[in-house]
Structure formats: C-alpha cells, structure tokens
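Notes for the one structure printed next.
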Amino acid sequence: MKINNPRISKQQHYIILTATVLIFILLQLPVFSIAQYPFRLLGTWFHEMGHGITALLLGGSFSHLEIYRNGGGTAYTSVSNAFLPYNISRALVAAGGLFGTTIVGTLFIISAKTKRTASIALRILIAFIILSLLLWIRSFWGIITLSVFALTLGIISFTKNKTLELSTLLFLGLQAIFSSYLQLDYLFTKQFTRGNQVLNSDTQNIAENSFGTYWLWALLIILISLYIVYKGVRFYFRK
C-alpha cells in the first residue's frame with residue numbers, strides 16, 4: 001500500500017508561502033478592505049482570547065469577550081483570585097493578548113510541518129472556536145464572524161483533503177503572525193479613546209503593573225515576538 005508523504009513538498013511550500021504573502025499585501029489595499037475584514041476580526045479574536053486564557057491559567061476568571069464592528073475588541077477578565085500577586089497577574093494578562101496572535105500563528109506553522117499534525121491542529125482550532133462561541137463571545141460581529149470561520153474550516157476538515165488542511169493551517173498561521181504586526185501603532189500607544197472613555201493600552205497596563213514605560217514594553221514585545229516566530233520557522237524548515 002502506498003503511503004503519502006506526510007510533509008508538504010518543497011514546491012507546495014513555496015507556492016503557499018508566496019501566495020500567502022501576496023494575498024496579505026493585496027488585502028492591505030483599500031480596494032480589498034472587504035476581503036481583509038474577516039481576517040482582521042479573527043486577529044482580534046486571537047488577541048482577546050489571549051487575554052482571557054492567560055487570566056484562566058493564572059487562576060482568575062474570564063467572563064466574556066466582545067468583538068466590535070470596527071475591528072476592536074474587549075476581553076472581560078478578573079485576576080482578583082489569581083495565585084500570583086495582583087499587579088503581576090494584571091501585567092501578564094495584558095501581555096497575553098499582545099502575544100496571542102504571534103504564539104498561535106507560530107504554533108500553526110509548527111503544526112503544518114506534517115499533514116497529520118496539521119489535520120489535528122485544524123480540528124482543535126475548530127473545537128476552540130465553537131467553545132468560545134458557546135462560552136465567551138457576546139457580540140453580534142464576533143458571533144457572525146467566528147461562526148463563518150467555524151463553518152468554513154469544518155467544511156475543509158470534512159473533505160479530508162490533507163493537503164488542503166495543511167495549506168489552510170499554514171495560511172492562517174502566516175496571517176495570524178502578519179496581523180500581529182498591524183498592532184505596531186497600538187503597541188506604542190499609551191492611551192486610546194473608546195466611546196467617551198479614555199483607556200490604557202495593553203503596554204501601558206503592563207508598565208503600570210510592573211516597571212518601565214509603555215514604549216519600552218512595546219520594544220520588548222516586538223523582540224520577543226520576532227524570536228518566537230524565528231524559532232517556529234526554524235523548526236518548520238528543520239528536516
């Protein structure tokens with residue numbers, strides 16, 4: 001019986017990688033804003049889930065999250081019962097959102113190393129999206145967007161086309177990593193206005209609950225994120 005090579009071929013790799021970069025660049029053009037929109041909301045979901053999951057891992061609570069029409073979002077968390085000191089927990093939860101897209105994107109790329117791990121990772125992603133829809137997402141745009149993603153990824157998984165699953169996961173991984181760099185202006189923002197409220201950025205929350213300034217933490221987060229991506233890509237190319 002013939003056994004298919006579980007790894008993506010070099011030709012497929014370069015086709016997917018090149019196509020992903022080109023699509024990402026094209027999606028940044030104003031004319032493709034509609035096509036860019038759902039991936040922007042997906043990036044927001046990764047970011048806000050990063051806040052929420054970090055709070056849960058610290059022993060705190062994660063009540064719900066909201067994704068707004070303009071692409072923003074909010075995760076409603078509490079660390080009053082966390083097992084670490086309150087300030088440290090607050091800083092870690094803020095950092096969890098900033099690292100969310102980078103970590104998830106890198107894990108997707110690592111999982112795309114073989115067809116078997118890509119298939120497993122895609123099913124885990126679908127299950128996690130459904131779980132978040134049931135437990136945490138409490139906004140119209142979040143429910144609609146994540147439901148469409150769950151349905152689309154479910155169809156891809158149902159086809160049992162391993163190459164398609166692998167390509168999809170690699171595409172989502174690269175998209176997640178690229179979307180994290182769209183946060184650069186937010187990283188170097190101290191405060192922002194939402195509605196009639198002036199709110200601290202995540203980097204400012206980290207600084208207030210630990211040390212340094214928001215721009216110092218922005219630089220540190222960029223460097224750490226680049227290192228995470230570097231290690232993930234290096235593992236992906238390793239024989």
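We count residues from 1, following the sequence as given.
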Once you round to the nearest 0.5 Å, how far does [atom1] of [X] lie from [atom2] of [Y]?
{"X": "Leu187", "Y": "Ser225", "atom1": "CG", "atom2": "OG", "value": "7.5 Å"}
{"X": "Leu172", "Y": "Ile177", "atom1": "CG", "atom2": "CD1", "value": "11.5 Å"}
{"X": "Tyr37", "Y": "Arg69", "atom1": "OH", "atom2": "CZ", "value": "6.5 Å"}
{"X": "Ser167", "Y": "Lys115", "atom1": "OG", "atom2": "NZ", "value": "8.5 Å"}
{"X": "Ile53", "Y": "Leu58", "atom1": "CD1", "atom2": "CG", "value": "11.5 Å"}
{"X": "Ile155", "Y": "Thr168", "atom1": "CD1", "atom2": "OG1", "value": "11.5 Å"}

When you group the ILVMFWY residues by side-chain heavy-atom contacts below 4.5 Å and let the links chain together, are [Y] and [X] in the same group?
{"X": "Phe188", "Y": "Phe211", "result": "yes"}
{"X": "Met49", "Y": "Ile129", "result": "yes"}
{"X": "Leu57", "Y": "Val79", "result": "no"}
{"X": "Val229", "Y": "Leu226", "result": "yes"}
{"X": "Ile222", "Y": "Tyr230", "result": "no"}

Flag if over 12 foreign heavy atoms under 6.0 Å of CZ, Phe83: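 More than 12 heavy atoms, drawn from other residues, nucleotides or ligands, come within 6.0 Å of this atom.
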
Identify the heavy atoms of [X] and [Y] that sit nearest to each other, and give their distance.
{"X": "Thr145", "Y": "Pro38", "result": "CG2-O, 4.0 Å"}
{"X": "Gly105", "Y": "Ala176", "result": "CA-CB, 3.7 Å"}
{"X": "Ser147", "Y": "Ile143", "result": "OG-O, 2.6 Å"}
{"X": "Glu48", "Y": "Leu65", "result": "CB-CD2, 4.2 Å"}
{"X": "Ala207", "Y": "Gly212", "result": "CB-O, 3.5 Å"}
{"X": "Ala150", "Y": "Ile130", "result": "CB-CG1, 4.4 Å"}

Within the 3.5 Å criterion, strictly below it, is a donor on [X] or [Y] matched to an acceptor on the partner's side chain?
{"X": "Thr44", "Y": "Tyr68", "value": "no"}
{"X": "Ser119", "Y": "Lys162", "value": "yes"}
{"X": "Trp215", "Y": "Thr203", "value": "no"}
{"X": "Asp202", "Y": "Tyr214", "value": "no"}

Please check this pair: side chain of [X] against backbone of [Y], looking for a donor-acceptor N/O pair closer than 3.5 Å.
{"X": "Thr117", "Y": "Ser111", "result": "yes"}
{"X": "Thr193", "Y": "Val198", "result": "no"}
{"X": "Thr74", "Y": "Glu66", "result": "no"}
{"X": "Lys113", "Y": "Tyr236", "result": "yes"}

Parallel, tilted or perpendicular: ring planes of His47 versus His51, cut at 30 and 60 degrees: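 His47 vs His51 ring planes: perpendicular.
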
Pairs involving residues 108-152, ordered by first then second residue, that meet ring-ring contact (aromatic ring centres under 6.0 Å, His included) (sequence neighbours left out): Phe39-Phe149, Phe62-Trp136

Criterion side chain to side chain contact (heavy atoms under 4.5 Å, CB included) on Leu146 and Leu42, from CA distance to verdict: CA-CA 7 Å; Leu146 272 300; Leu42 182 65; 4.2 Å; yes

Validation row: [X], [Y] side chains within 4.5 angstrom (heavy atoms):
{"X": "Val233", "Y": "Ile110", "value": "no"}
{"X": "Tyr227", "Y": "Leu223", "value": "no"}
{"X": "Trp45", "Y": "Arg40", "value": "no"}

Set of residues satisfying side chain to side chain donor-acceptor pair (under 3.5 Å) with respect to [X], sequence neighbours excluded:
{"X": "Lys231", "result": "none"}
{"X": "Gln191", "result": "Asn200"}
{"X": "Thr106", "result": "none"}
{"X": "Thr101", "result": "Gln183"}

With sequence neighbours excluded, what pairs up with [X] under the side-chain contact (heavy atoms from CB on, under 4.5 Å) test?
{"X": "Ile224", "result": "Phe99, Ile228"}
{"X": "Ile206", "result": "Ala91, Ala94, Ala95, Leu98, Ser210, Trp217, Ile221"}
{"X": "Leu199", "result": "Phe192, Arg194, Gln197"}

Sequence neighbours excluded, every pair satisfying side chain to side chain donor-acceptor pair (under 3.5 Å) that has a member inside residues 80-94: Ser78-Ser80, Tyr86-Arg90

Inter- and intrachain pairs under side chain to side chain donor-acceptor pair (under 3.5 Å), touching residues 149-158, at least two apart: Arg123-Ser157

Cluster companions of Ile124 among Ile, Leu, Val, Met, Phe, Trp, Tyr (side-chain spacing under 4.5 Å):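 Besides Ile124, the cluster holds Ile120.
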
